[in-house]
Amino acid sequence: MNTNEFDIQFHFQKSVVLKERRRLKGFIREKLLREGKKCGSEVNFIFCSDDELLQINRKHLEHDYYTDIITFDLSDERSCKLVSDIYISVDRVKENARAEHVSTASELNRVIFHGLLHLIGYKDKTAGQAKKMRGMEEKWMADFEGFHG
């Protein structure tokens, strides 16, 4: 892959309907370019079960609880290329969607954007950071609605 290419892949260990994949990839590419990721990216989204993500959470982060997403930044510090594996629990996304009274498709997009926001530097450990992160998620959701790329 050339250094300025964007390779965005979706891998399904657990089935989920991911609508408009081509448009979503174009949107992600545009957002990463706007955030200064001009020398390319290799981002893998891995959709899995609660139990699979719990095992990853325990093994890599030493956290013993369910979560909807874990983002691994695998980028080489000497390169400007963004490399990441982003694991998403389909079970958590569906549960979050029910709890928030939104569609699974909408919640899935929000979680995808959440992972990308982590990659470009947003954090959510404090209340202030979480509020800013949520605001960016909402902005990206609105931007995606109007994106025709």
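Heavy atoms only: backbone and side chains are in, while hydrogens, waters and symmetry mates are out.
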For Phe27, all residues meeting ring-ring contact (aromatic ring centres under 6.0 Å, His included), sequence neighbours excluded
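Applying ring-ring contact (aromatic ring centres under 6.0 Å, His included) to Phe27 gives Phe113, Phe144, Phe147.
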Decide side-chain contact (heavy atoms from CB on, under 4.5 Å) for Ile86 and Ile69; before the verdict, give the C-alpha distance in whole Å, the side-chain angles of both, and the deciding distance to 0.1 Å.
CA-CA 7 Å; Ile86 299 175; Ile69 187 168; 3.5 Å; yes
Lys/Arg N to Asp/Glu carboxylate O, Asp50 vs Arg92, below 4.0 Å
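A salt bridge links Asp50 with Arg92.
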Nonpolar side-chain network containing [X], other nodes, edges under 4.5 Å:
X      : value
Val102 : none
Ile46  : Leu53, Ile56, Leu61, Ile70, Phe72, Leu74, Val83, Tyr87
Leu54  : Tyr66

Test item: [X] side-chain N/O and [Y] main-chain N/O as donor-acceptor pair under 3.5 Å:
X      : Y      : result
Glu107 : Thr104 : no
Gln129 : Lys125 : yes
Ser79  : Lys81  : yes
Glu52  : Ser49  : yes

Going by salt bridge (charged side-chain N to carboxylate O under 4.0 Å, His left out), name the pairs with one or both residues in residues 60-72, residues two or more places apart or in two chains.
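Qualifying pairs: Arg58-Asp64, Asp68-Arg110.
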Does any part of the side chain of Asp7, heavy atoms only, come nearer than 4.5 Å to the side chain of Ser41, both counted from C-beta?
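A side-chain contact under 4.5 Å is absent here.
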Under a 4.5 Å cut-off applied to non-hydrogen side-chain atoms, are Ile88 and Leu108 in contact?
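Yes. Closest side-chain heavy atoms under 4.5 Å.
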List in chain and number order the residues that pass side chain to side chain contact (heavy atoms under 4.5 Å, CB included) with [X], two or more places apart in sequence or in another chain; answer none if no residue qualifies.
X     : answer
Arg21 : Phe10, Phe12, Leu18
Lys19 : Val17, Ala105
Arg98 : Lys94, Glu95

Yes or no on side-chain contact (heavy atoms from CB on, under 4.5 Å) for Thr71 and Asp85, after CA distance, side-chain angles and deciding distance?
CA-CA 6 Å; Thr71 302; Asp85 286 342; over 6 Å; no
Where at least one partner belongs to [range], residue pairs that pass disulfide (SG to SG under 2.5 Å), sequence neighbours excluded:
range           : value
residues 91-135 : none
residues 88-127 : none
residues 56-149 : Cys39-Cys80

Any chance [atom1] of [X] has more than 12 other-residue heavy atoms, nucleotides or ligands included, within less than 6.0 Å?
X      : atom1 : answer
Lys132 : NZ    : no
Gln55  : CD    : yes
Arg34  : CZ    : no

Rounded to the nearest 0.5 Å, what separation is found between the CE atom of Met141 and the CZ atom of Arg134?
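Met141 atom CE to Arg134 atom CZ measures 9.5 Å (nearest 0.5 Å).
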Mind checking the CG-OG spacing from Asn57 to Ser89? Nearest 0.5 Å is all I need.
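The OG atom of Ser89 is 10.5 Å from CG of Asn57, to the nearest 0.5 Å.
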Derivation and outcome, side-chain contact (heavy atoms from CB on, under 4.5 Å), residues Trp140 and Lys31
CA-CA 9 Å; Trp140 281 30; Lys31 286 297 187 183; 3.7 Å; yes
Result block: side-chain N/O donor-acceptor pairs under 3.5 angstrom for residues 114-122, not counting sequence neighbours:
| residue | atom | partner | partner atom | Å |
| --- | --- | --- | --- | --- |
| His114 | ND1 | Glu137 | OE2 | 2.4 |
| His114 | NE2 | His118 | NE2 | 3.1 |
| His114 | NE2 | Asp124 | OD2 | 3.1 |
| His118 | ND1 | Tyr122 | O | 3.1 |
| His118 | NE2 | Asp124 | OD2 | 3.4 |

For a quick test of reading the model, state the closest non-hydrogen atom pair linking Asn44 to His11 and the distance between them.
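In terms of heavy atoms, the two residues are closest at OD1-NE2, 2.9 Å.
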What are the two closest non-hydrogen atoms of Lys14 and Val90, and how far apart are they?
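Reported closest heavy-atom pair: O-CG2, 3.9 Å.
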